[in-house]
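One structure is given below, encoded as structure tokens.
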Amino acid sequence: MSVSDPLVSAARAAREHAVADFSRFRVGAALETAGGAIVTGCNVENATYGLTICAERVAMFKALSEGHRSFRRVAVVADTEAPTPPCGACRQILWEFAGDIEVILANLDRVTARLALAALLPHPFDSRLLGK
Ligand code: THU
């Protein structure tokens with residue numbers, strides 16, 4: 001899909017709400033649920049730095065807290081020429097709650113990469129190894 005993909009547009013809009021006073025690196029994310037709803041998130045930083053939460057996890061935790069349990073795609077937007085992929089912690093959370101969804105990386109103008117989450121998180125640890 002092009003820049004007109006509503007999921008990418010939603011991630012771009014969410015990025016406008018980023019609370020990134022420390023890094024100045026603003027990120028937006030948008031999750032598409034199996035039912036077609038879009039749930040967004042932005043990164044939220046605070047003075048301890050370590051309690052920062054990424055846009056992807058904000059979007060996922062919002063979605064889960066609103067009752068969504070099945071997902072199709074996630075879009076991540078940052079103002080970078082190169083693709084900005086989810087950090088390791090976000091890959092784990094996305095994998096556990098969304099499985100092998102499509103990950104669309106975009107900047108303010110265009111989509112920079114499309115990947116399967118499994119390509120970003122090979123050999124994942126998840127509940128199957130716990131016998132669940
Ligand atoms: N960040 C995200 O929100 N998502 C990413 O995919 C990469 C990094 C945030 C965390 C922190 O607030 C800032 O970007 C710089 O690392």
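Indexing begins at 1, ligand by ligand and atom by atom, following the structure's order.
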Write down, by chain and number, every protein residue that brings a non-hydrogen atom to less than 4.0 Å from an atom of ligand 1.
Ser23, Phe25, Val27, Asn43, Glu45, Thr52, Cys54, Ala55, Glu56, Pro85, Pro86
Can you name the closest pair of heavy atoms from Leu105 and Pro83 and give their distance?
CD1-CB, 3.7 Å
side-chain contact (heavy atoms from CB on, under 4.5 Å) involving Ala89 - partner list, sequence neighbours excluded:
Arg57, Cys87
All ring pair (Phe, Tyr, Trp, His ring centres under 6.0 Å) counterparts of Phe125, not counting sequence neighbours
none
Hey, could you give me the SG/CD distance between Cys42 and Glu56, rounded to the nearest 0.5 Å?
11.0 Å
With a 3.5 Å distance limit and no angle check, can you tell me whether Arg91 reaches the backbone of Pro86 through a side-chain donor-acceptor pair?
yes
May I have all residue pairs that pass ring-ring contact (aromatic ring centres under 6.0 Å, His included) and include part of residues 94-123, sequence neighbours excluded?
none
